[in-house]
Amino acid sequence: MDTRKEWKKAGKKSLKTHYWIFITVCLLAAIIGTEYEVSLEFFSADKDNIRVVKQAEEGKKVVDKVREEGSAALPSTLDDRFSENILVDLAKGNADKAEKKTIENEKKEKKKKDTIGGVISLNHQRGVLANIVNKVSSGAVIVTIYSAILSIVKDNNWASFIFVSLAALILIALWIFLVNVYRVIMKRIFMEGSTYEKVQFNRFLFLSRVGRHFKVSKAALKWTVYETLWSLTIVGYFIKHYAYFMTPYILAENPDMTGSEAITLSRQMMYGHKWECFKLDFSFILWDMLGWITYGLATLFFVAAYRESTYVEYYKYIRKLAFDNKIENAEMMNDKYIFAKADKEIIKPAYADVREIRQEGTELPKEKGIKGFFAKWFGIVPVMNEYEWDYRRIQTNKAKIKNLEDAIDGKSYPRRLFTLPEREKGNRDSSMLYTRRYCLISLVLMFFVFCFIGWGWEVILHLVEKGEVVNRGVNYGPWLPIYGTGGIGALLVLTRIKKYPVATFFASIVFCGVIEYITGASLLAKHGARFWNYSGYFLNINGHVCAEGLLVFGVACLACIYVVAPVLDNRFSRLSLKTGIIICAVLLTVFIADNIYSGKYPNLEGMSPKSREQYLKDNPDAYKHQLWNVLGIKNMQKKYKIKG
């Protein structure tokens, strides 16, 4: 293969096979600033500015209207707050002036009450998420950092110097250890995709797994510095750019090389091929124009990945010539299986443990009927028995070989044959197997654990915020059923997608959001009172749910499914059947009794203050029926200053 046409044809074929992962790779490169930033042009393009240009004859009135009502106001506002005002003031040492501006900006943010469709509120008044949004958009975060520095050095000039220096160091560190290194990771993924049918997403961690992230960062820094210095001369830039062109590919193949070794080898490989590489590069000019015309959409969804796939084919061609011409140090490109699949006889010894597990058998007779239905779709089994313990053992073995089977079958790169040993991360311990099924006793006990954890969380949260201990929730016992329902519900309903953590996270958010909204709306309709109120929180829906809470629930569900539930089940599944039944019976009896009583006489402490006040007006004798008041432990009339 030695023509541009063939390189591009092979590149398109590779792109077609790995379209989504290649697009993802290029998108991340654009986001972090490695390459292809133009692909994000569409998302930053100011459509209202285009409209203003087309209607220029309307003059300043149209411009002012767009700045006040359209998206054009956003970039100008950010520019005013940061580049023209706050950052400049801090750099000059005017901390007081910058702080005043951030306070004004934050007040403006808190007054925002935008909505989406009149239902989803974008309020900025309350909540952690709202505070974060306000502080970032107002510039308060930057001023806080500057103030912390000033409190230490006690001098505005030194504080300004340190502030600017720290900002520069952070940017340089990100560029060296992330932006620059990502270019090598990017090449590696495209190289593997050129040969194999599958490229796993864990290849993004390729350098970390072989323990060469910092070494590659040093090598990439050297080659970037060299190229930057040469760019100061017009002729030198074009010559050295193509002379160093193969450096990231060489490092992607052998990350154990130094920067000097990779640069020198690239120069030797590109000797006599720089003009050829330039023509290949220039051949994408029409595709680049299409990217500009479409505001980067064509680049994002095709051109960037197509270009990278083609460059990999060109690297294969230049690499082959290097070996054919016996270029010095060509043997350092020593990854035998990056562009050629290994024979099965070579793979077998490296993956002998996986073959042994396969031979043991990984299937059990399928369960039928209602029992089989609930086991398959919800992961529920009546009791733990020998069949279930065998099932866990088999699932553990499957988890162990999951990411290795494609390599054995020649569908993905055989990592165990790489010249540098990779750290393998697999679920080898059945104690943390998250694809297990749960028996009824274990589920009931976990329900109460989740209820108690939720209750404890809210009590502590209220204690921190208000400085008082309050029995949270509509019930009187130390449990919040919504947490137990959400935790167990997510554990069961999401059984079929638990092997996909990202999908599980977003599904958890939706599931918990529905549960919380229905519960909040039902309590409001039944009792005419709110037991929680998210009005004023950023992204809330009728005060029943908010983005902040749902994000917490999403993370909590991940922790529940992948960590907490397996750990708890390890304990509960070991209980004898008799002991488990007795404990569950006692807890359920008390819980049901609590729900019956609180259904008629809800816990006043669990209500928000305004809702409680209104509830007592509508039900003046409600305090007399509070459980703790009935038991003589507390005097609700005195506590809530009720006249009776």
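All of these numbers come straight from a predicted model, not from anything done at the bench. Just so it is clear, the values below take in all heavy atoms, side chains as well, and ignore hydrogens, waters and symmetry mates.
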For this session: Output, in order, the C-alpha distance, side-chain angles, deciding distance and verdict of side-chain contact (heavy atoms from CB on, under 4.5 Å) for V199 and F190.
Result: CA-CA 9 Å; V199 180; F190 274 90; over 6 Å; no
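Shown here is W230, whose CH2 atom has no more than 12 heavy atoms of other residues, nucleotides or ligands within 6.0 Å. Taking a 6.0 Å sphere around OH of Y387, one finds it holds more than 12 heavy atoms contributed by other residues, nucleotides or ligands. For F214, the CZ atom is loosely surrounded, since the number of other residues' heavy atoms within 6.0 Å does not exceed 12. Counting non-hydrogen atoms of other residues, nucleotides and ligands closer than 6.0 Å to NZ of K336 gives a total of 12 or fewer. Within 6.0 Å of CE on M289 lie no more than 12 heavy atoms contributed by other residues, nucleotides or ligands. Counting heavy atoms of neighbouring residues, nucleotides and ligands inside a 6.0 Å radius, atom OH of Y19 exceeds 12 of them. Crowding of F505 atom CZ: a count of heavy atoms from other residues, nucleotides or ligands under 6.0 Å exceeding 12.
Ring geometry for F278 versus F282: interplanar angle under 30°, hence parallel rather than tilted (30 to 60°). Using bins of under 30°, 30° to 60° and over 60° for the plane-to-plane angle, the ring pair W287/Y306 lands in the perpendicular bin. Under the 30°/60° scheme for interplanar angles, the aromatic rings of F204 and F201 are found to lie parallel.
Applying the side-chain contact (heavy atoms from CB on, under 4.5 Å) rule to S283 yields the partners R4, K8, L280; only residues at least two apart in sequence or on another chain are considered. In this structure T419 satisfies the side-chain contact (heavy atoms from CB on, under 4.5 Å) test together with N334, sequence neighbours excluded. Evaluation of the side-chain contact (heavy atoms from CB on, under 4.5 Å) rule for T435 yields Q395, L433 as partners, not counting sequence neighbours.
Both the sub-6.0 Å distance and the 45° axial angle are satisfied by R188 relative to the ring of F418. Figure legend: R319 and F339 shown without cation-pi pairing, the cationic atom not lying both under 6.0 angstrom from the six-membered ring centre and within 45 degrees of its axis.
Under a 4.0 Å N-O distance rule, the pair R183/E308 does not qualify as a salt bridge. Salt-bridge check for E6 with K316: failed, with every basic side-chain N at 4.0 Å or more from each acidic carboxylate O. A salt bridge links K341 with E197: the closest approach of a Lys/Arg side-chain nitrogen to an acidic carboxylate oxygen falls below 4.0 angstrom. Between D569 and R392, at least one side-chain N (NZ, or NE/NH1/NH2) sits under 4.0 Å from a carboxylate O, which counts as a salt bridge.
Evaluated for a side chain to side chain contact (heavy atoms under 4.5 Å, CB included) with Y337, the options D343, I347, L417 yield exactly one hit, L417.
With rounding to the nearest 0.5 angstrom, the CG atom of L492 is 8.0 Å from the NZ atom of K498. Rounding to the nearest 0.5 Å places OG1 of T299 at 11.5 Å from CZ of F284.
Looking at E253 and Y315, their side chains do bring a donor and an acceptor atom within 3.5 Å of each other. Side chain to side chain, D281 and Y242 meet the donor-acceptor criterion of an N or O pair below 3.5 Å. Between the side chains of Y413 and D335, at least one donor N or O sits under 3.5 Å from an acceptor N or O. Side-chain N/O atoms of S194 and E313 include a donor and acceptor closer than 3.5 Å.
T247 places none of its side-chain heavy atoms less than 4.5 Å from the side chain of R267.
When ring centroids are compared, Y311 and Y249 stay outside the 6.0 Å threshold.
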